[in-house]
Amino acid sequence: MILRLALASLRARLLTVGMTILAIALSVALFSGVEKVRTGAKASFADTISGTDLIMGARSGSVQLLLYSVFRIGNATNNLTWESYQDIAARPETDWIVPISLGDSHRQFRVMGTTTEFFDRYKFRAGRSLILAEGAVMDDVFDTVLGADVAATLGYAIGDPIVVAHGLASFVDHDNQPFRVSGILEKTGTPVDRTVIVSLRAIEAIHVDWQNGAAIPGQSTSAQTIRQMALEPQAVTAALIGVKSRLQVFGLQRAINDYPHEPLLAILPGVALQELWQIVGIAETALIAVSGMVVVTALIGMMATIFSSLNERRREMAIFRAMGARPRVILSLLIIEAAVMAAIGALAGLGMLYLGLLIAQPAIDASFGLWLPIEPPSLRELQVVLGVVAAGAIVSVGPALRAYRMSLADGMMVRI
Amino acid sequence: MIKSVSTLLVLLSAGAVTAQGMRQLDAHEHGVGHLDIAFDGDRIAMALHVPGADITGFEYAAKSSEDRAKVNEAVARLARPLDLFSLPDAAGCSVLEASASLESEAGQAEHEEHDTDGQSSEQMGGHRGETLPGENETEDHEHEHEHEHEHEHDSHGQEPAHSEFQAQYLLECNDPTRASLITFAYFEAFPKAMELDVQVITDRGATAFEVMRDAPTLDLRELF
């Protein structure tokens, strides 16, 4: 009975009520959108590497090593010598080891030197392997495999020649050794999409005629000669390591960290990610707090409209009372109205969020490499809806109490 | 760029090693120990590294018989993992191997205790080579020994400033998934220990925790 009255009364004031609901809906969409992006970003970060027990690099910080070796964010402070790399590779605990050599670029994309084993060992999103969309993995020194975004952005196809630039954002090109696209990977949603993969020997090959960071004038070695050179790398940037038994992971980690001949660092990717979250966590909390405040603002806005509507509805309330409605009917009528508005607003907010996701999902994936899954509302989202409804009911208690106290006296005394 | 940096590095490191071995020290924070736990099948491997100050209250080389007794008692205690890190009975865990030692900064073991829990030595031999992280370092041992010697010479006449207790355990459990709630009686046994940084590896990957004295339990259930 009261609910019917409440609904009818809301319908009667469709415009103001609609605006209030819109404000609540927007705030709820923002709040759950932030939550979605946050969890999505976390998941996509965590999905970037799996199946690798340890990452080894020169000694720096674990987060830094993780960022430059896996996410291609930032640069290595030092390289790790090939000698040390082979020492660790030869240890009995080491099941497999894949070198990573960074530092060159192609247009805006990083070039990564590695071995073909990388394609078997690198796993993402709970154990998925890299798959070639076209072509084959590199066979020759001058073969490259492109990530999906590289190929798409630069419009490369199999067999196209490409030139690798020396250093990042650099002005000199290694134009005497043109590379050829031999394969293009399927999209993974990881930084591999934005990477040009070449063989470790290729990284050495492009530097054959270079000394101290500059080309030796008048000297140019033909591609054929380079193919016949040994091209043993002197250093790599980092290495992904698989350990034979999980029980030995910590032992190997300690052995690498205590390696007597070179300051090395071995990290567990999961632990380093967790450290990263602790750093990012502050910003996350701030983001949630801000979007939470937006929800609070919308609810206070609703309270304000209810307060101001009390004036218009003095008559209405008085008539209710005159017809025998008890004061608490008035009270519950106003609270129910507010709760209904909040509920419609919250649900509409979720609807807007899903609609937005549906439209923006491919664009977000393409421009940020962030895949936001469209899933049925989680428990947390339902909690948000319930929370907003409850908060709506609570903020309406103020105006409702006022109406409760005033309804009779106020409405019956007609002032002209 | 890469090339010049790397050649420089090779030169530098080669120089350092031939001259006198690289100087490096692990981080050392009193009150904070490190515990690594790896779950694999029905096996659990644990490695504990704790500053001497947390366990015995001092880090100088034990000289008085009182100090020596303290160290011996501590090492004996550390060699009984299930008394320090109690696992639920339902897990049915037993100790396959346990060893504890006190290492001073220079790296030489001062006291050692090996403990095997009712396993036949034959079986033990089988597990040793492949499982205990500490055991795997034997290959490098000769290597390291040279450096240790140099270190001793270097610091001749002066006490090593810090020491660390190290312990390695290998457990076997009937139901390791139920070993996921660990109570750290460790903090009761060693009143000076304040915190343990714990790294855990399970099928679901690696994670890290901090276990503090005032909340001495670790719940790993979400990792299984």
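Excluded from the calculations below are hydrogen atoms, water molecules and symmetry mates; all remaining heavy atoms, backbone and side chain alike, are included. Treat the numbers as computed from the prediction; the structure is a model and nothing was measured.
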Inset, instruction - For B:Ile37 and A:Phe250, work out which heavy atoms get closest and say how close. - result: O-CE1, 3.3 Å

Inset, instruction - List the atom of A:Arg246, the atom of B:Asp40, and the distance in Å for their closest heavy-atom pair. - result: N-OD2, 3.6 Å

Inset, instruction - Can you establish whether the number of heavy atoms outside A:Arg59 located under 6.0 Å from its atom CZ is more than 12? - result: yes

Legend entry - Heavy-atom pair with the smallest gap, counting every atom of A:Leu268 and B:Ala206: CB-CB, 3.9 Å

Inset, instruction - Using atom types as modelled and distance alone, determine if a side-chain donor or acceptor of A:Gln274 lies under 3.5 Å from a backbone N or O of B:Ala208. - result: yes

Inset, instruction - Rounded to the nearest 0.5 Å, what's the gap from CG on A:Leu247 to CE on B:Met46? Could you check? - result: 12.0 Å

Legend entry - Contacts of A:Arg121 that satisfy side chain to side chain donor-acceptor pair (under 3.5 Å) - sequence neighbours left out: A:Glu117

Legend entry - side-chain contact (heavy atoms from CB on, under 4.5 Å) partners of B:Pro216, counting only residues at least two apart: B:Phe184, B:Phe187

Inset, instruction - Pick one of side chain, backbone, both or neither for A:Glu275, based on which atoms fall under 4.5 Å of a heavy atom in chain B. - result: neither

Inset, instruction - Against chain B, label A:Pro269 side chain, backbone, both or neither, depending on which of its atoms sit under 4.5 Å from a heavy atom there. - result: neither

Inset, instruction - May I ask you to list the residues in residues 62-72 of chain A that approach chain B closer than 4.5 angstrom, counting heavy atoms only, ordered by number? - result: none

Legend entry - Over 12 non-hydrogen atoms of neighbours within 6.0 angstrom of CD1 in A:Ile282: no

Inset, instruction - Can you tell which part of A:Asn257 gets under 4.5 Å to a heavy atom of chain B, answering side chain, backbone, both or neither? - result: backbone

Legend entry - Those residues that, when tested against A:Asp95, pass salt bridge (Lys or Arg N to Asp or Glu O under 4.0 Å) (two or more places apart): none

Inset, instruction - Kindly compute the distance separating CD1 (B:Ile201) from CG (A:Asp53), expressed to the nearest 0.5 Å. - result: 6.5 Å

